[in-house]
Amino acid sequence: MLLLIGVLFFILLLINIPVAFALAFASVPVFLVSDYMPPAVALQRMYGVTLSYPLLAVPFFILAGNLMNTTGITERLLRFARLLTGWMVGGLAQVSVVLSALMGGISGAAVADAAMEARLLGPTMIERGYSKGFTASVIAFSSVITATIPPSIGLILFGFVNEVSIGRLLLGGIVPGILMTATLMTVTWMVAKQNGYEPELSEKPTYKELAVSFRECFWALMFPVFLIAGFRFGFFTATEAGAVVVAYALIVGVFIYKELTWKAFVQALHYSVIDIGMVMLIIILSAVVGHAFIIEQAPQEITRGLANFGGGPYATLLIVLGALFVAGMIMEATVNVLLLTPLLLPALTAQGFDPVHVGVIMTVLITFGGNTPPIGVIMYTVSGILKVSFGQFVRASYPFIIAMVILFIVMGLVPKTVLFLPDLLM
Amino acid sequence: MIPSLLRWLRRIEHAAAMSLLIGIFALVFVATAMRYLGSPVIWAIEVTQAMFVWLCVLAADITLQHRGHFSVPALADLLSPAKRRVLEIFNAAVVLALLAFFVRYGITFAELSSGRPLPIVGVSEGIATAALPVGFALMFVTVVEQLVMRWKGIGEQEALAPRDVM
């Protein structure tokens with residue numbers, strides 16, 4: 001039965017049926033043959049999803065992200081990032097990495113960040129002589145940082161579907177986000193050195209310049225601190241945090257930077273509705289498939305299979321991460337989080353792994369899958385905006401992929417890299 | 001006649017979805033603030049949940065109108081225009097069958113649940129669960145409209161650039 005669902009799903013996907021409908025259609029046979037699943041149960045499952053209060057954080061963070069892009073916060077962060085790293089070799093590429101890390105504190109979506117940077121930085125980089133492939137890949141890979149530093153929509157979804165503490169997951173994303181920034185900056189430095197990419201600024205900025213720019217972005221940079229303090233002291237839940245972020249974006253946009261117009265506000269609402277429609281339909285319809293998986297006892301089967309396979313916990317972890325890497329190449333990220341992580345996480349926790357530790361790694365790895373061909377939404381987005389061929393993108397992406405794989409292995413072997421902050425603060 | 005009716009329907013849907021999003025935000029924000037002021041708004045969660053299910057289905061339909069749902073067009077793009085048209089009609093039929101199934105059992109589900117009142121507000125739960133059959137019916141209308149447009153070869157809409165929220 002599970003095989004039938006899988007085969008049907010892939011056939012429907014390949015003939016260009018939207019992924020949400022393909023998922024739902026593939027699970028229809030379960031309802032038709034099984035005696036204990038009347039079709040109305042499928043609808044009840046869908047409705048059940050919308051009763052999940054934590055899930056409301058998702059539309060809020062989507063709205064907040066779209067608002068931030070219209071409030072003038074992005075341009076201020078760009079100026080700050082330029083001062084911080086523009087003087088290094090490969091200046092603009094470093095700016096792109098650091099900007100993703102800074103944006104990570106207010107936005108939870110990698111694709112939105114990649115699209116924004118491709119428009120804002122991409123054309124200038126190509127003009128200054130950076131190769132098109134390198135420009136596209138540095139922007140695409142660094143956007144994964146945005147999805148790691150809180151707020152992170154991927155981690156919220158992971159917490160929702162696997163019933164893991166969202167607060168701990170979000171805190172757990174911080175150190176990996178910082179490590180990823182350092183890793184990508186190192187790779188960028190090496191590639192820039194080799195290709196003779198010049199610094200963007202002729203000299204290091206003065207402290208005064210940095211201080212002025214820091215003050216300009218103060219409200220954006222303080223946001224993650226505010227968010228973490230909120231979780232730490234239990235001031236708010238993820239959902240409430242989402243609502244607070246929206247209010248924060250509105251206040252900063254209207255009263256502090258004074259750049260949010262009515263027209264821009266309506267535009268942000270419009271984009272948010274489209275984003276929410278896309279992701280919520282996937283979430284609602286994958287609940288039906290998820291229910292079929294549980295009826296068919298798929299998680300138990302996989303846990304047993306992996307335990308019997310032997311080799312100990314780290315071999316299991318390696319297999320799971322390898323499977324997710326392949327899944328990331330062929331499937332879209334939200335579907336991977338919603339369908340695959342509930343199947344694979346029990347096998348890891350049964351072998352003694354902390355769900356927050358492996359949860360952060362799995363979610364980041366899945367987001368990273370947006371950059372690996374043949375199907376990668378981040379890759380499509382950036383290549384589309386910059387008119388780069390997939391071949392050029394893939395050739396330039398090897399150093400980044402190798403460095404990221406090493407980082408994933410380190411994170412897997414050293415749980416403290418993820419758990420340090422959640423253990424310290426919660 | 002039908003096109004102008006559809007246009008009105010779309011306008012109402014769009015306005016409703018945006019208002020629901022703002023409404024849910026305002027309600028959760030006020031409820032959070034009130035919790036701190038010592039007088040929690042106990043009905044807020046129930047009302048937000050009922051609004052959320054409506055937001056989800058309306059937004060899903062609006063995204064469908066913009067062809068914004070994630071799909072993999074790589075293989076279909078390899079086909080000749082004539083063959084692709086056949087495939088598109090086939091795909092629309094598959095989706096329509098699925099949506100009809102959901103509308104049919106969505107009505108059953110909404111009827112079953114309409115007897116239950118929401119625990120705090122006391123209104124019938126049907127006010128929330130009706131969103132599912134209505135939403136899927138709206139999506140059904142959208143797919144039929146896109147199919148008719150495709151058949152006539154007019155108003156061919158470019159798919160939205162792939163978006164993802166993660």
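In what follows, chains are A, B, ... by sequence order, proteins preceding strands, each numbered from 1.
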For the residue pair V28(B) and A243(A), what are the closest heavy atoms and their distance?
CG1-CB, 3.7 Å
Should the heavy atoms of other residues, nucleotides or ligands under 6.0 Å from CD1 of I2(B) be counted, would the total exceed 12?
no
Under 4.5 Å heavy-atom distance to chain B, tell me which part of L12(A) shows up: side chain, backbone, both or neither.
side chain
Quick check: F109(B) with Y105(B) (ring centres under 6.0 Å apart)?
no
Top contributor to chain B contacts, counting heavy-atom pairs under 4.5 Å, from A20(A), A40(A), A115(A)
A40(A)
Tell me, side chain or backbone of V28(A) under 4.5 Å from chain B's heavy atoms, or both, or neither?
side chain
Top contributor to chain A interface from A76(B), P73(B), S113(B), A131(B) [non-hydrogen pairs under 4.5 Å]:
P73(B)
For I284(A), is it the side chain, the backbone, both or neither that has a heavy atom under 4.5 Å from a heavy atom of chain B?
side chain
Heavy-atom pairs under 4.5 Å with chain A - which of A110(B), P133(B), A74(B), G106(B) has more of them than the others?
G106(B)
Go through L132(B) and Q44(A) one step at a time and tell me if the side-chain contact (heavy atoms from CB on, under 4.5 Å) criterion holds.
CA-CA 10 Å; L132(B) 290 175; Q44(A) 193 238 328; over 6 Å; no
Within a 6.0 Å radius of atom CG on L112(B), are there more than 12 heavy atoms belonging to other residues, nucleotides or ligands?
yes
To the nearest 0.5 Å, atom CG of L96(B) lies from atom CD of Q146(B) at 10.0 Å
Leading residue by heavy atom contact count with chain B [cutoff under 4.5 Å; candidates I153(A), I15(A), L14(A)]:
I15(A)
Separation between CD1 of I378(A) and CG of D113(A), rounded to the nearest 0.5 Å
9.0 Å
Atom pair CE (M51(B)) and CD1 (I24(B)), whose distance is rounded to the nearest 0.5 Å
5.0 Å
Contact class of R104(B) relative to chain A, heavy atoms under 4.5 angstrom
neither
Between E125(B), E46(B), M139(B), the one whose heavy-atom pairs under 4.5 Å with chain A are most numerous
E125(B)
Flag the one option from L155(A), L13(A), I17(A), L55(A) with the top tally of heavy-atom pairs under 4.5 Å to chain B.
I17(A)
To the nearest 0.5 Å, how far apart are CG in L339(A) and CE in M331(A)?
8.5 Å
Applying a strict 4.5 Å limit to non-hydrogen atoms, the region of F158(A) in contact with chain B is neither
Tell me, out of F25(B), F90(B), F29(B), who's got the most heavy-atom pairs with chain A below 4.5 Å.
F25(B)
Which bit of F60(A) is near chain B, if near means a heavy-atom gap under 4.5 Å: side chain, backbone, both or neither?
side chain
Counting heavy-atom pairs under 4.5 Å with chain A, which one of V95(B), I107(B), V57(B) comes out on top?
V95(B)
V266(A), part contacting chain B, at a heavy-atom distance under 4.5 Å:
both
Could you look at I330(A) and say if it's the side chain, the backbone, both or neither that has a heavy atom under 4.5 Å from chain B?
neither
Please identify, among S152(A), P39(A), A147(A), S143(A), the residue contributing the most non-hydrogen atom pairs under 4.5 Å to chain B.
P39(A)
From CZ (F70(B)) to CD1 (I282(A)), nearest 0.5 Å
8.0 Å
Would you say that I375(A) contacts Y380(A) through its side chain, given a criterion of any heavy-atom pair below 4.5 Å between the two side chains?
yes
Heaviest contributor of heavy-atom pairs below 4.5 Å to chain A, chosen from V72(B), I62(B), V53(B), L27(B), is V72(B)
